Number of protein chains: 2
Amino acid sequence: MEIRTNYMDGNYAIYVDYGILEDQISQYTSQYTSVHFIVDQNVYTLYQDSTLSFVQNPIILEGGEASKSFDAFKRITETLLERGIKRNDLLIVIGGGAVGDAGGFAAATVLRGVDYIQVPTTLLAHDSSIGGKTAINSTFGKNLIGAFHRPKAVIYDLSFLETLPPHELLSGFGEVFKHALLKDEQTVKALMEATKNEISLDTLKPFIISGIETKMHYVTNDEKESGIRKFLNLGHTLGHAIEYKYKMPHGIAIVLGLYFMIYASNAEERQNIFDLKLFRHYFEQHGYPLDQLKTINETEMMTLMGKDKKNQSSGSIGFVLMKNFGQCYFTEIDNDLLEKYIKQLKESL
Amino acid sequence: MEIRTNYMDGNYAIYVDYGILEDQISQYTSQYTSVHFIVDQNVYTLYQDSTLSFVQNPIILEGGEASKSFDAFKRITETLLERGIKRNDLLIVIGGGAVGDAGGFAAATVLRGVDYIQVPTTLLAHDSSIGGKTAINSTFGKNLIGAFHRPKAVIYDLSFLETLPPHELLSGFGEVFKHALLKDEQTVKALMEATKNEISLDTLKPFIISGIETKMHYVTNDEKESGIRKFLNLGHTLGHAIEYKYKMPHGIAIVLGLYFMIYASNAEERQNIFDLKLFRHYFEQHGYPLDQLKTINETEMMTLMGKDKKNQSSGSIGFVLMKNFGQCYFTEIDNDLLEKYIKQLKESL
Ligand SMILES: NC(=O)c1ccc[n+]([C@@H]2O[C@H](COP(=O)([O-])OP(=O)(O)OC[C@H]3O[C@@H](n4cnc5c(N)ncnc54)[C@H](O)[C@@H]3O)[C@@H](O)[C@H]2O)c1
Ligand SMILES: NC(=O)c1ccc[n+]([C@@H]2O[C@H](COP(=O)([O-])OP(=O)(O)OC[C@H]3O[C@@H](n4cnc5c(N)ncnc54)[C@H](O)[C@@H]3O)[C@@H](O)[C@H]2O)c1
C-alpha cells in the first residue's frame, strides 16, 4: 500500500505493509553515492540477524527519550561528520518515534539538511510519519527544539510491530483510536468491532492506513499549526497533564484524555452524543487504567493544563471537543466549568 | 538606504545606514508581544550605555567562534525556553558574524523556528546578512551543523564599525573587495581610489551596499549552492587552506587567495588581464601579508585544498577564476598544473 502526501510541493510516499523494508529501501539507495543508518538500539538487537542484516555500520541510538537529548544530538551529528557525510548522501532512520524525531533533526541540520528516509517501528508511527516535524527535548519540555524537515519517503514495515512490548502497543493504539474518532462513526465502529476481543496486529492495517490519511488531511494545509491542525490535539489537553503527573506512556494517557473529552462533549451539547458506558467498557477491557481518573486532583490538573504551550489565555482553557464523530471544534472552557466537569467525571466512575 | 531581497517569497529588508538601530527596531517590535535579545559580549561592553541602552535583559554570548559551539547552542536555546519564549515572539541578534550565525541557528530551531532580526556589527555583515545561512561548528569543521532560516529584517547600523579592531576591519574588507571583483571593473577602480590612502569607514557605505547587491544576485536564485552561488567562493579555495594553516583572520587569508586567483586567471588566459603589480602594491600598503605566500608549501596546500568539502574530484581541484572583472567561471585545474602555478607565484614575489 502506497500513500502519497499532498502538499503543494516536497511530497513523499508512505509505504505501509508487511516485509517490505529491504526492497523499498533499495529503490532509494541506488540514487545516492553514500547511505548512513541511524538505528534504535532495541530494534537493532531484535532484528540485526534478520530484517536488518543488510544494514551496514549503523549509528546506534538508545531507544526512547534518551535519544532526544542535546548530548545524543551532538553524538549523532559528530559521528555523521566524522564518517564524512556529504550533502548528497542519504540518511535512513530506523526506530520508534523518539529515534525518528532525533534522527530527523540530525538530517535537518547536518550540513544544513540532507535527505532522509523514516523507517518507523512502532504503532505510533502512523502519526509521526506525517507532518515533517523533527525535534529534541529541552529541560523545559518535550520537543521544544527542532525543525520542519520532510523525509524523502516513509517505509512503514508492519512486521516490526510484532515485537512491541504490550504497553507500547496499547500506547500507540491510543492514537489509532483518536484518528478513528477524528474520521467518522463508521471507522470507530469498525475499529471497535475488529478489536472487540483483543488488539491484534493482523486486523490493524486498514486502520493504520486510515489514520495516516486522516492525519494527512489535517496537516497538509496547516503545516505550522495555526488552524485545523489543532484538532489533532483531541484528548491531549487533559492527556498531557495526566502523562506528566503519572509518568504514563503517552498514548495511554491520551485514551484517558479522550474519555474526558467524550464526557465534556456530551456535557457541552447537553445530550448523550457518545455512549460513555460503551467506551468505558471497551477501554477497560483492553487494559487502559480509566480508574486512575478517579484519583486526579482538579486543581492540579487545571494548573498543568494551563502551562501547556497551546493553552494561553488565563480565565479559561482551550479544548478540542466534538459535536459528533468526525466533527471537531475548538472552544475555550471557563476554569470553573472545567473544574466542575472533572469533578462530575470522577463521581461518574 | 533600504534594500529588499528578491526571492520568490519570504523576502526581507536590509537597512544600511548610520545611527538607525533603535528607530528601525521599534518598527518591528511593535508587532510582537515579546522580544528577546542575543548580544555579542564585546559589542555589549562597548555599547551598553549608548546605542544599546534600550536593550533589556539580553542573553550575552562570548564573541567569535566560541559562540558557535554545541554548548553555546544549548545555553542559548535553554535560556530562551526558560524565559518562556513563544512561537510568535521575536528574537533580535546583535553582533559579529559568529554571534549572528549562532543566534540565527537558535532562531531556526527553538520551537521549530521563530522570527528574528539580524543586527550585524562587523564589516563582514554585508556578506552574512544575505543568504539565510545559520550554523554552528563541529569538531570536524566550521559551519557543518545549521539551517537555512531567513531573518525578518537585517538592520545594519554602520556606526558600530567604528570600534572594530584594525585586523577585523582588514578581514571584513577582504570580502568587500571580493564583491567588487565579482561586480565589475568600475567598482574595483572606484573602491581602490576611495581607499587609496586608508580604509576609512566614511567612504565605504556605497561599496557595502554594492557588495550586498552583488551577493544577493548570486544567492537569490541558487539558495542551496548548486550553480552560480559557487562564484562567491572566489579566492576561497587557497584562502581557506591558508586560513587553516596560519590561523589567519578569514578575510585576510581570502585576500591572499584572491591574489593567487588573479595570478592563476592571468596564467590560464595566457595574458595579463589583471595588473598584478598594482594589486600587490595596494594590498601590501593596507597591511595584507602577501609575503606569507612566499613561505607556503605547495604539497601541503594541495592536500588542504583537496579536503575542502567543495572540491571533490581527485586528480584536479575545482577553482573559481575570472576571464575579466565581473566574469567568473568554474574550472578544474589539474594537480600538476596547480602546483606549478603556486611555485611560479612564490618565485614572482
Ligand atoms: N514527529 C512527530 O510528528 C511525532 C508524532 C508523535 C510522537 N512523536 C514522538 O515520538 C516519541 C514516541 O514514539 P514511540 O511511541 O514510537 O516510542 P519510542 O520511540 O520511545 O519507543 C518506545 C520503546 O519501544 C522500543 N521499540 C521501538 N520499536 C520497537 C519494536 N519494533 N519492537 C520492540 N521494541 C521497539 C524503543 O526502543 C523504545 O524503548 C515521542 O518522543 C514523541 O514526542 C513525534
Ligand atoms: N551566515 C553567513 O552567510 C556567513 C557569511 C560569512 C561569514 N559567516 C560567519 O561569520 C563569522 C565571522 O564573522 P565576523 O568576521 O563578523 O567575526 P566575529 O563574529 O568572530 O567577530 C570578530 C570579533 O569582533 C568583535 N566585534 C564584533 N562587532 C564589533 C564591534 N562593532 N566593535 C568591536 N568589536 C566587535 C566580536 O566580539 C569578535 O570578538 C564566522 O563564524 C563565519 O563562519 C557567516
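Every chain is numbered from 1 and lettered A, B, ... according to where its sequence line falls, protein lines coming before strand lines. Keep in mind the model is a prediction, meaning the values are calculated, not measured.
- With a 4.5 angstrom heavy-atom cutoff, B:Ser138 touches chain A via backbone and side-chain atoms both.
- In terms of heavy-atom proximity, B:Arg112 sits nearest to A:Ala135 at NH2-CB, 3.6 Å.
- Partners of A:His36 under the ring-ring contact (aromatic ring centres under 6.0 Å, His included) rule, at least two apart in sequence or in another chain, do not exist in this structure.
- Atom NZ of A:Lys215 has more than 12 neighbouring heavy atoms from other residues, nucleotides or ligands inside a 6.0 Å radius.
- Taken from CG in A:Leu144 to CD1 in B:Ile85, the straight-line distance is 11.0 Å, to the nearest 0.5 Å.
- Interatomic distance, CD1 of B:Ile145 versus CD of A:Glu78, reported as 5.5 Å (0.5 Å rounding).
- Applying the 6.0 Å contact sphere to OH of B:Tyr244 captures no more than 12 heavy atoms from other residues, nucleotides or ligands.
- Looking at B:Thr139 and A:Glu82, their side chains never come closer than 4.5 Å, going by heavy atoms from C-beta outward.
- Within the model, atoms CZ of B:Arg75 and CZ of A:Phe70 stand 12.0 Å from one another, a figure rounded to the nearest 0.5 Å.
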